[in-house]
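Report on the following structure.
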Protein chains: 4
Amino acid sequence: MNTALKLFAEEGYYITSIDKIAKAANISKGLIYNYFQNKEDLLSEIFHFGLDEIFKSFDQNHDGILTKDEFILFIENSLDKLENSRDFWKLYFILIMKPMIYKMFEKSLNEYLSPIMQMLENYFTNQGSENPEAEAKLIGAILDGVGMHYILNPENFKIKEVKEIIIKKYI
Amino acid sequence: MNTALKLFAEEGYYITSIDKIAKAANISKGLIYNYFQNKEDLLSEIFHFGLDEIFKSFDQNHDGILTKDEFILFIENSLDKLENSRDFWKLYFILIMKPMIYKMFEKSLNEYLSPIMQMLENYFTNQGSENPEAEAKLIGAILDGVGMHYILNPENFKIKEVKEIIIKKYI
Amino acid sequence: MNTALKLFAEEGYYITSIDKIAKAANISKGLIYNYFQNKEDLLSEIFHFGLDEIFKSFDQNHDGILTKDEFILFIENSLDKLENSRDFWKLYFILIMKPMIYKMFEKSLNEYLSPIMQMLENYFTNQGSENPEAEAKLIGAILDGVGMHYILNPENFKIKEVKEIIIKKYI
Amino acid sequence: MNTALKLFAEEGYYITSIDKIAKAANISKGLIYNYFQNKEDLLSEIFHFGLDEIFKSFDQNHDGILTKDEFILFIENSLDKLENSRDFWKLYFILIMKPMIYKMFEKSLNEYLSPIMQMLENYFTNQGSENPEAEAKLIGAILDGVGMHYILNPENFKIKEVKEIIIKKYI
DNA sequence: CATGAATGAGCTTTCATTCAT
DNA sequence: GATGAATGAAAGCTCATTCAT
């Protein structure tokens with residue numbers, strides 16, 4: 001799964017053949033099919049495993065209500081996560097854009113994301129925002145946009161400085 | 001090219017066969033190869049044509065120096081462009097994440113983007129920003145993030161309201 | 001289709017690879033898939049084509065009512081058919097025994113066979129037989145049994161003499 | 001062996017994987033290879049075991065000369081055997097049609113069948129038949145044809161009534 | 001006696017590409 | 001200009017078989 005994640009992330013899902021994965025992992029093609037029903041299933045397992053890893057760290061100590069400090073922390077955490085598991089995020093941004101593949105993950109993705117979006121919306125409501133829903137969606141889009149640019153080019157995209165600017169805008 | 005753009009955008013590049021394109025366009029497979037060297041070349045032509053279409057509307061009347069009003073207008077224009085040519089943007093977000101394919105377009109993309117990024121950086125310098133480069137990169141990331149979310153789900157992502165919020169943050 | 005029929009009949013359906021067929025027919029593997037959706041479809045086309053060929057010669061000049069002479073002629077015709085298109089019959093006896101495959105052809109086979117069985121039953125009814133249905137089924141079984149033995153070993157199974165004996169039993 | 005017989009008979013030899021057999025029998029794949037050299041050997045053992053079971057009941061009290069009553073009894077016995085061990089007979093009719101596989105069993109099959117065929121031929125000679133060899137072959141073909149039809153569709157093929165008709169024709 | 005992880009040859013199928021017409 | 005029959009490399013996948021445990 002690690003080898004496959006790396007290859008899927010670096011070269012893409014369709015371009016990466018089962019044979020390539022097997023060779024890179026020093027195992028036989030057949031063995032992959034002892035553990036995964038097919039190529040799509042392998043992708044699915046990798047992606048769901050990654051999602052669990054990422055989002056389980058969000059669940060802690062939240063009653064679903066954010067203070068301002070917690071909101072700032074949320075943004076910081078979200079961006080910090082990018083630095084670990086870059087491969088997962090690369091795969092995430094590849095997959096999210098493919099409608100056919102996206103369908104496979106839409107449901108589980110929403111299970112993770114919708115409570116977070118709701119939490120953000122509540123936060124903006126409490127802050128007296130005029131349009132909390134749009135504010136929440138903007139946050140989501142900004143985090144994805146920054147994530148995407150950072151993942152694409154980690155050396156040149158000074159994420160720490162960008163993070164600070166974002167936070168300044170929300171204090 | 002239109003048919004291929006639509007299919008590439010909706011289903012993905014690898015999943016779309018030349019045969020499918022030909023059938024959808026009511027022409028023969030062979031005819032495609034009279035006009036394009038190969039599948040990659042077809043993709044390249046489509047993408048470059050799209051890039052030209054999009055970015056030629058930016059070039060107008062700019063000496064490379066933005067006033068505050070022009071900066072606001074730039075953001076508005078950038079987001080308004082999404083509403084036309086959704087197919088192109090879908091393809092754009094698909095391709096941008098694939099390193100192997102991205103290489104094909106990196107150069108021409110940079111030719112369009114780097115003057116814009118420079119212009120933004122200059123703007124933030126003139127505004128007395130502490131970190132103009134990071135500010136410019138943030139703008140780029142926000143526009144891509146919002147674009148991606150809008151393209152993925154145009155009905156639910158209220159782009160007009162999001163646009164207003166962004167602008168408010170920059171006035 | 002001819003090459004495939006011969007191979008399917010001689011070696012069996014599963015044992016005959018598409019590659020073998022292509023090589024024996026001096027064409028490429030890919031070409032087969034221009035004309036047939038998959039291996040099963042190839043088999044299906046071959047079998048239905050063969051069925052049509054065989055049974056169209058039965059339809060002539062019958063109002064569905066057999067005289068004794070016509071009944072005798074029917075038996076003779078049925079057995080004479082074996083001598084042409086032996087490959088088809090070999091395939092027929094292979095397929096008829098495979099439940100999974102048989103399902104594919106059951107419907108079209110019944111379309112051909114059930115009027116014939118009905119005709120035979122009527123004949124035996126008119127002859128004053130005690131159990132016309134069983135008589136008809138016996139005829140069917142005898143023709144298949146003789147067909148099978150002849151096809152399996154045409155040199156040793158003296159079909160002409162067997163045919164005469166059968167007819168004698170029914171005069 | 002019982003599990004494998006059932007699966008081979010119901011689905012076919014090639015379509016039935018060793019893994020399927022092992023799972024259906026609640027044992028491991030490896031265990032099968034402790035008792036049988038390979039898949040073909042498993043088939044061979046099953047088939048020979050079945051042949052022995054079937055034909056050992058024929059050998060009794062026969063000096064090789066049939067009276068008329070014994071001949072009638074032989075037909076009755078042959079058809080009664082179908083009702084037990086349907087799975088074996090299904091396998092028998094599948095295998096008998098595959099030349100490649102048939103080769104494996106031809107010799108042992110002939111060991112059982114040729115004395116029977118000889119016995120039948122002698123019977124018809126003693127009856128003053130014009131063509132005893134063809135008569136014997138016809139009996140063989142009829143028994144196989146009836147067997148095949150019965151095995152294919154035991155519910156609809158009224159074997160008792162068919163049996164009576166056959167016997168009536170030979171009294 | 002029993003397991004099942006592991007292998008790899010070989011299968012069906014797809015598809016970009018060519019080329020005679 | 002335009003076709004589509006034909007190719008063949010390469011993909012995903014299956015499965016008989018082995019073997020360390």
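Order of the sequence lines fixes the chain letters, A, B, ..., with proteins taken first and strands second; residue numbering starts at 1 for each chain.
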Report task. Figure out the CD1/C1' separation between A/I18 and E/dT7, and round it to whole Å. Result -> 16 Å

Query raised in the report: Between A/K20 (NZ) and F/dA9 (P), how many Å, whole number?
Result: 18 Å

Requested in this report: Scan every strand shown for a Watson-Crick or G-U wobble partner of E/dC11, both distances under 3.5 Å, and answer none if you come up empty.
Outcome: F/dG12

Requested in this report: Measure from CG on A/L42 to C1' on F/dA11 and round the result to the nearest Å.
Outcome: 15 Å

Query raised in the report: Roughly, in whole Å, what's the span from CG in D/N26 to P in E/dC1?
Result: 19 Å

Requested in this report: Would you kindly compare D/Y13 and A/I15 by the position of their nearest DNA chain F nucleotide and give the one closer to the 5′ end?
Outcome: A/I15

**Report entry** Near-ring test D/F88/D/F47, centroid separation under 6.0 angstrom
**Finding:** yes

Requested in this report: Please say which of C/L42, C/I18, C/D41 ends up in a side chain to side chain contact (heavy atoms under 4.5 Å, CB included) with C/Y33.
Outcome: C/I18

Requested in this report: Starting at CD1 of B/I101, measure out to CD of B/E106 and round the result to the nearest 0.5 Å.
Outcome: 13.5 Å

Query raised in the report: Sub-3.5 Å donor-acceptor pair from the side chain of A/S44 to the main-chain atoms of A/E40, do we have one?
Result: no

Query raised in the report: Mind checking who E/dT3 pairs with, Watson-Crick or G-U wobble, both distances under 3.5 Å?
Result: F/dA20

Query - base_contact_polar (E/dG10 base, A/K29 side chain, donor-acceptor, <3.5 Å) - result: yes

Requested in this report: From the options F/dT7, E/dA16, F/dT18, select the nucleotide whose nearest atom is closest to the side chain of D/Y33.
Outcome: F/dT18

Report task. If the plane angle is over 60° it's perpendicular, under 30° parallel, otherwise tilted; pick one for C/W89 and C/Y92. Result -> perpendicular

Query raised in the report: Which nucleotide in the list E/dA6, F/dT17, F/dG12 gets nearest to the side chain of D/K39?
Result: F/dT17

Requested in this report: Looking at every strand, decide which applies to D/Y35 at a 4.0 Å heavy-atom threshold: base, sugar-phosphate, or nothing.
Outcome: sugar-phosphate

Report task. For B/I21 and F/dG4, give me the distance from atom CD1 to atom P, rounded to whole Å. Result -> 17 Å

Query raised in the report: Is the phosphate of F/dT14, meaning OP1 or OP2, less than 4.0 Å from a side-chain N or O of D/Y14?
Result: no

Requested in this report: Let me know the distance between NZ of D/K23 and P of E/dA2, rounded to the nearest Å.
Outcome: 19 Å

Report task. Answer yes or no: is there a donor N or O on one side and an acceptor on the other, between the side chain of A/K39 and the main chain of A/Y13, under 3.5 Å? Result -> yes

Report task. Return the nearest nucleotide to the side chain of D/S17; candidates are F/dA6, F/dA2, F/dC15. Result -> F/dC15

Report summary line: Winner on side-chain proximity to D/N38, out of F/dT7, F/dA2, F/dT17, is F/dT17

Query - DNA chain F: 5'-proximal contact among B/I32 and D/E40 (nearest heavy atom) - result: B/I32

Report task. Return the value, rounded to whole Å, for the distance between atom CG of D/D19 and atom C1' of E/dG4. Result -> 10 Å

Report task. Would you kindly compare D/G30 and A/S28 by the position of their nearest DNA chain E nucleotide and give the one closer to the 5′ end? Result -> D/G30

Query - Closest listed nucleotide, where the reference is the side chain of C/L31 and the choices are E/dT12, F/dA6, E/dG8 - result: F/dA6

Query raised in the report: Any donor-acceptor pair under 3.5 Å joining the side chain of B/N34 to the base of F/dA2?
Result: yes

